[in-house]
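Notes follow once the structure below has been shown.
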Amino acid sequence: MTSRKENILIVDDNTDMLDLIQRQLKALNFRTYKASSVTEAIEVLKLSTIDLLITDINMPDINGIELIKYTEEHYPLVPKLVVSGIPSVHTVVNAIKSGALEYLTKPFTSDEMHKAIVRSLLKANHSQKKSNHFEYNKNGNSYDKIIGHSSQFKDNIEIIKRVKDTKANILIEGESGTGKELIARAIHYTGKFADKPFIAINCGGIPENLIESELFGHLKGAFTGASENRIGLFQAANGGTIFLDEIGNAPLMVQIKLLRVLQEKEILRIGSNKPEKIDVRVISATNCDLEEMISKGFFRQDLYYRINIINIKTAALRDRKEDIPLLINAFIEKYTNEYNKPNIKVNEKVLEVLLRYNWPGNIRELENIIQRMVILSDDTISLSQVPDHLKYHISSSSDIFKSLKEYEKEQIVKVLLSVNNNKTKAAQILQIDRKTLNQKMK
């Protein structure tokens with residue numbers, strides 16, 4: 001018998017069994033909470049401090065294994081004890097793999113229950129003291145600042161090595177956060193033009209009325225506010241590389257002028273009638289389907305062929321999960337140095353969660369999550385530092401009765417959480433414009 005009353009949550013859809021176990025536990029001086037479904041149990045876990053979970057396996061709608069998996073990640077310090085009237089090797093193995101510490105077959109005596117509870121609490125205490133940590137695999141490859149060992153990584157590095165010393169126009173396609181600018185910088189800084197300028201510009205981040213001046217420059221008096229002559233970014237990048245990120249957002253008028261620059265190798269400043277020669281490599285990037293934009297009249301086909309001499313596609317992180325441990329290692333090293341926490345370790349269960357998640361925000365999202373966890377941890381990154389939206393989620397059969405609006409709301413919330421509430425990035429991932437996103441958020 002323990003001196004302190006532990007709080008034990010009992011979950012079973014059979015009310016007679018619930019009452020029986022509750023009487024046994026009260027006689028053993030435990031404080032009890034009851035739930036007749038997994039949904040009720042989760043609410044109790046949210047609102048109360050629970051020291052032990054005792055759950056049945058076979059329950060309607062959501063079973064006990066799902067509850068164990070959910071508790072293992074959302075409440076990792078709560079030990080789990082399974083009771084079941086239908087014992088089988090498969091059920092026992094599945095329960096233990098999911099996080100249960102003890103397994104009790106119905107019917108059982110009060111003494112058997114007490115011994116199972118004591119063993120569960122002791123095992124939980126021991127496992128907390130002996131936490132397994134993720135051992136970093138540092139045998140992967142890196143090229144410049146690009147990290148990985150997947151086939152996608154190797155294919156892209158091979159292309160980079162072949163084009164880095166040329167002035168060929170390159171188009172990098174891929175979802176937001178997949179490292180398109182890293183590839184552009186690797187092409188520039190590992191090649192023979194590395195000592196020349198590298199200029200990056202986000203075509204969607206400059207107001208439409210200013211982008212032409214920013215790219216090509218202007219003469220004094222060319223328009224209201226043009227108080228002096230100014231060179232554009234193409235001239236600033238002369239001899240080197242200009243990186244046109246999100247080129248799909250460039251206005252059609254600017255697309256026409258870009259086409260002339262690529263064809264004639266010269267620019268025309270606003271207010272001037274004298275072309276000026278330039279020698280610059282153009283690397284473009286997009287997270288849009290430019291061919292679809294061409295079919296809808298939003299992007300010029302002739303410009304597409306000009307910028308797409310060499311094509312590089314970046315894979316989504318969900319399609320190259322073998323690279324995640326290497327990326328985690330790199331980001332941990334980066335942020336432990338930045339925040340002066342050099343000895344931080346990572347619980348291996350955290351790695352399981354990170355490997356399972358689909359990463360809609362890709363590498364950028366992974367880096368943000370690692371940075372956050374390093375900041376919030378002391379000596380070990382554990383499940384308590386992992387954001388809830390990454391952890392195990394229980395889906396009920398009642399989900400099929402949700403409206404499309406409810407599903408849409410859930411997806412918008414998940415994406416906003418994944419990019420730290422950055423509306424511009426969220427809109428890109430959701431493939432809607434920021435104005436539409438704001439309307440849906442309201």
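Here the structure is a predicted model, which means the values were calculated and not measured. Hydrogens, waters and symmetry mates play no part in the numbers below; they use all other heavy atoms, side chains included.
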Show me the donor-acceptor pairs within less than 3.5 Å that the side chains of residues 259-267 make with the rest of the protein, sequence neighbours left out.
{"unit_1": "Arg260", "atom_1": "NH2", "unit_2": "Glu266", "atom_2": "OE2", "d": "2.9"}

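Counted within 6.0 Å of CG on Asn273, heavy atoms from surrounding residues, nucleotides or ligands total 12 or fewer; the atom is thus considered open. Annotation: Arg162, atom CZ; neighbour count of heavy atoms from other residues, nucleotides and ligands within 6.0 Å does not exceed 12.
If you check the side chains of Ser37 and Thr39, you find no donor sitting under 3.5 Å from an acceptor. In this model, a donor atom of one side chain and an acceptor atom of the other lie less than 3.5 Å apart for Ser150 and Asp323. Using modelled atom types, one finds a donor on one side chain and an acceptor on the other under 3.5 Å when comparing Ser176 with Asn287.
With sequence neighbours excluded, the residues that form a ring pair (Phe, Tyr, Trp, His ring centres under 6.0 Å) with Phe234 are Phe216. The side chain to side chain donor-acceptor pair (under 3.5 Å) test applied to His74 returns no partner, not counting sequence neighbours. With sequence neighbours left out, Thr241 forms a side chain to side chain donor-acceptor pair (under 3.5 Å) with His188, Arg281. By the side chain to side chain contact (heavy atoms under 4.5 Å, CB included) test, Lys440 is found to be paired with Glu408, Ile412, Ile432, Thr436, residues two or more places apart in sequence or in another chain being considered. For Phe243, the ring pair (Phe, Tyr, Trp, His ring centres under 6.0 Å) criterion is met by no residue, not counting sequence neighbours.
For the pair Arg185 and Glu181, the salt-bridge criterion is met [side-chain N within less than 4.0 Å of a carboxylate O]. The existence of a salt bridge linking Glu338 and Lys334 is excluded, since no basic side-chain nitrogen approaches an acidic carboxylate oxygen closer than 4.0 Å. With respect to Lys46 and Glu43, a salt bridge is recorded, a charged nitrogen being found less than 4.0 Å from a carboxylate O. Ion pairing of Glu365 with Lys425 is absent here, as no side-chain N (NZ or NE/NH1/NH2) approaches a carboxylate O to less than 4.0 Å. Ion pairing between Glu352 and Lys391 fails under the 4.0 Å rule for side-chain N and carboxylate O.
Of the candidates Asn169, Ile247, Ile170, Asn169 is the only one forming a side chain to side chain contact (heavy atoms under 4.5 Å, CB included) with Val282. No option in Asn308, Thr178, Asn311, Thr314 other than Asn311 meets the side chain to side chain donor-acceptor pair (under 3.5 Å) test with Glu173.
Ring geometry for Tyr70 against Tyr75 counts as tilted: the plane angle lies between 30° and 60°, on a 0 to 90° scale.
Both tests hold for Lys167 against Phe193: distance to the six-membered ring centre under 6.0 Å, angle to the ring axis within 45°.
One finds the CD atom of Glu175 at 11.0 Å from the CD1 atom of Ile363 (value rounded to the nearest 0.5 Å).
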Quiz item: Should Lys435 and Asp433 be marked as a salt bridge (charged side-chain N to carboxylate O under 4.0 Å, His left out) after you check the CA-CA gap, both sets of side-chain angles, and the distance that decides it?
Solution: CA-CA 6 Å; Lys435 182 179 178 181; Asp433 57 49; over 6 Å; no
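Side-chain atoms of Asn337 come within 3.5 Å of backbone atoms of Glu333 as a donor-acceptor pair (strictly under, hydrogens ignored).
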